[in-house]
Amino acid sequence: MDAATVLIQAMNGIQYGLLLFLVASGLTLIFGIMGVINIAHGSFYMIGAYLAWSLMGWVGSFWIGLIVGVTVALLLGLVLEWLFIRFLYDRDHLQQVLVTYGLILIFSELRSMIWGDDVHSVPIPELLSGSIQLTENLAYPIYRLWLSGVCIVIAILMFLGIQHTRLGMMIRAGESDREMTKSLGINIGLVYRFIFALGVSLAAFSGMISAPISSVFPGMGSQVLIVSFVVVVIGGLGSIKGAMIAALLVGLIDTFGKVIHLDIFGVNIFPEMSGMSIFALMALILMLRPQGLFGREH
Amino acid sequence: MTDALVNVTDLHSHYGLSHVLHGVSLDIKRGETVALMGRNGMGKTTLIKCLMGLVPATSGSIRFRGQDIKSLATHVLARRGIAYVPEGRGIFKNLSVKENLLLAARPGFEGRMEWTYDRVLDSFPRLKERLIYGGQQLSGGEQQMLSIGRALLTNPDLLILDEATEGLAPLIAQDIWSIIGIVKRSGISTLIVDKNFKALSKISNRSVVMVKGGVVFDDSPSKLIEQPKELKSWLGI
Ligand SMILES: Nc1ncnc2c1ncn2[C@@H]1O[C@H](COP(=O)(O)OP(=O)(O)OP(=O)(O)O)[C@@H](O)[C@H]1O
Ligand SMILES: [Mg+2]
């Protein structure tokens, strides 16, 4: 690989990692704050991508589609929390997994009924089409740069929100002592509903903005769910900071795993191995630090 | 009955199948300081948690300012004017001292703002020096001051303290008792559980003794001291 390829791949890896962070942060927040394992999280990513595709067809504008889609996802999150998730806070993880697995089946069926089972693609919005010339022989798509920038802005807002707002204080307090938080007059149920809806919108938003650079297909939810779980486990359950670092690691390793050629006995082991590389990383980290990079010890 | 703040009548409570409160009745008047005593496992904390909506009452009634509050959610009870300093203090470890206080600050039920952030810091100068500390960096006494200060910032009408001075060195416990004195003089009703019989009796208007989930004594502290035999069997002193 020459330097230009390495740079391009590094940028792709970081961009993929940042996108993974958006999905995984919702997953780790919902687990860390409410103690709920939500395996339906990938479905929201899938729903986001399909929403982007169908809204694009309806309103013809990626941007309006984005606003409508995020609003729909927020409402969906509020309703789902009220209908199902709030009953799971005091249940064990098996029951949480069963209920949220039920949600996966429902959403998959609904997707099939509403949007069908075909693979679609979403065009890159005109405003962000094209590439910029980084060096003489090195160009990078503007859309991917924009996507990374958006993810970074959201990540910063999330850190600031948790550390410096009243809502962030309530979230941290609830994480530390739920009963005491209620005893100070805080409606923790409402805080949880909001967090869940926020997680759903983040996942859907990720699905929407990734639609123009990947295809929209039925299994995309489970694919992203598995990688997001790897991120959450590596970063440490419940840790936003951990999710960020793990997402970047996973993004880079996965991206480079696909392009590295390493011949052993004349066989190139890498493209075939790349799917495994992130799981190998997870296994390694779990061996060295069972609670993940930034997880609390139990 | 106009000055009664709390009326608990024939309250029963269970943890699963085990019956813990067996018909507790207890009134607290406005401005009154009530000592809740009893040996380990007699149901004091359970009664408090029922008042706070943290443990469901199976039957009986709880009234606060004359209104039935038995089935209200904990955060609603807190906003109606009940504040809680739990066993173990309940400090948020991942919040700074300042954040622990700011999170709680709100006007009281009728919009009263007697306890402000500044007044709490003036009353607890030790907290003032530790505002940016994390909750877990405080000593036991400081934690208890923070927990009381935090509860006062909700501007309550009733302050409940469970194991007010447990695990504190005598000098620090002294500080806590004098803080409770300040709270008392400010007109807030208090319900206090503590192992220190003498200090508790001195500060209270009434003593209530629980045995096996029921109230066996409810009168002035001086009457309780006149009953050495009962004191021995009820409280082991
Ligand atoms: N979460 C619980 N589940 C089941 N039983 C409980 C639970 N909490 C308390 N109990 C039981 O209820 C009874 C009353 O307990 P409670 O904590 O109210 O007593 P207490 O008077 O506060 O005691 P202490 O002085 O030790 O704090 C005890 O027998 C205790 O074992
Ligand atoms: Mg107790």
Side-chain angles (χ1 to χ4, degrees), chain A residues 28-35 81-82 86-87 89-92 158-195 235-243 291-292 294-298, chain B residues 45 48-56 72-109 132 134-136 143 146-162:
Chain A
T28 208
L29 266 184
I30 290 166
F31 181 84
I33 295 167
M34 290 119 92
E81 198 276 349
W82 179 72
R86 69 188 166 120
F87 300 104
Y89 298 139
D90 299 319
R91 303 297 183 87
D92 59 42
M158 218 143 91
F159 282 110
L160 290 179
I162 289 178
Q163 289 310 320
H164 297 289
T165 65
R166 187 165 173 84
L167 179 69
M169 272 190 330
M170 291 183 195
I171 292 171
R172 282 178 290 139
E175 200 181 357
S176 154
D177 190 334
R178 209 181 288 184
E179 287 199 343
M180 197 61 228
T181 310
K182 294 190 224 168
S183 306
L184 291 176
I186 289 157
N187 186 349
I188 197 78
L190 216 54
V191 175
Y192 286 178
R193 184 161 308 156
F194 178 73
I195 304 284
L237 293 170
S239 166
I240 294 279
K241 189 162 60 171
Q291 73 273 31
F294 289 88
R296 271 163 309 214
E297 281 176 78
H298 289 290
Chain B
T45 299
I48 288 172
K49 288 198 166 178
C50 282
L51 284 172
M52 214 52 235
L54 292 168
V55 165
L72 293 184
T74 301
H75 71 272
V76 179
L77 293 172
R79 290 178 184 195
R80 293 271 180 105
I82 309 181
Y84 179 38
V85 175
E87 239 173 328
R89 343 267 190 224
I91 297 304
F92 303 120
K93 304 179 295 294
N94 47 359
L95 268 64
S96 68
V97 169
K98 186 175 176 181
E99 287 176 325
N100 266 277
L101 293 171
L102 288 180
L103 186 65
R106 68 169 73 240
F109 182 65
I132 55 162
Q136 81 282 15
Q143 284 191 18
L146 178 56
S147 192
I148 295 175
R150 191 176 63 178
L152 288 173
L153 272 176
T154 67
N155 285 289
D157 295 298
L158 173 67
L159 176 66
I160 304 176
L161 293 119
D162 199 355

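In the text below, chain A, chain B and the rest are named by the order of the sequence lines, each starting its count at 1. Since the model is a prediction, treat every value here as computed from it, not as a measurement.
Heavy-atom neighbours of chain A within the stretch residues 92-103 of chain B, taken at a separation under 4.5 angstrom, comprise B:Phe92, B:Lys93, B:Asn94, B:Leu95, B:Glu99, B:Leu102, B:Leu103.
Considering every non-hydrogen atom in both B:Ala78 and A:Lys182, the closest pair reads CB-O, 4.0 Å. Residues A:Arg166 and B:Ala105 share a closest heavy-atom pair of NH2-O, 4.4 Å. The heavy-atom pair separating B:Leu54 from A:Ser183 by the smallest distance is CD1-OG, 3.9 Å.
Contacts with chain A were tallied for B:His75, B:Arg106, B:Lys49; B:His75 has the most, counting heavy-atom pairs under 4.5 Å. Taking chain B as the reference chain and counting heavy-atom pairs below 4.5 Å, the highest number among A:Met169, A:Met170, A:Gln163 is found for A:Met169.
Residue pairs meeting the side chain to side chain donor-acceptor pair (under 3.5 Å) criterion with at least one member in residues 76-87 of chain B, sequence neighbours excluded: B:Thr45-B:Glu87, B:Gln67-B:Arg80.
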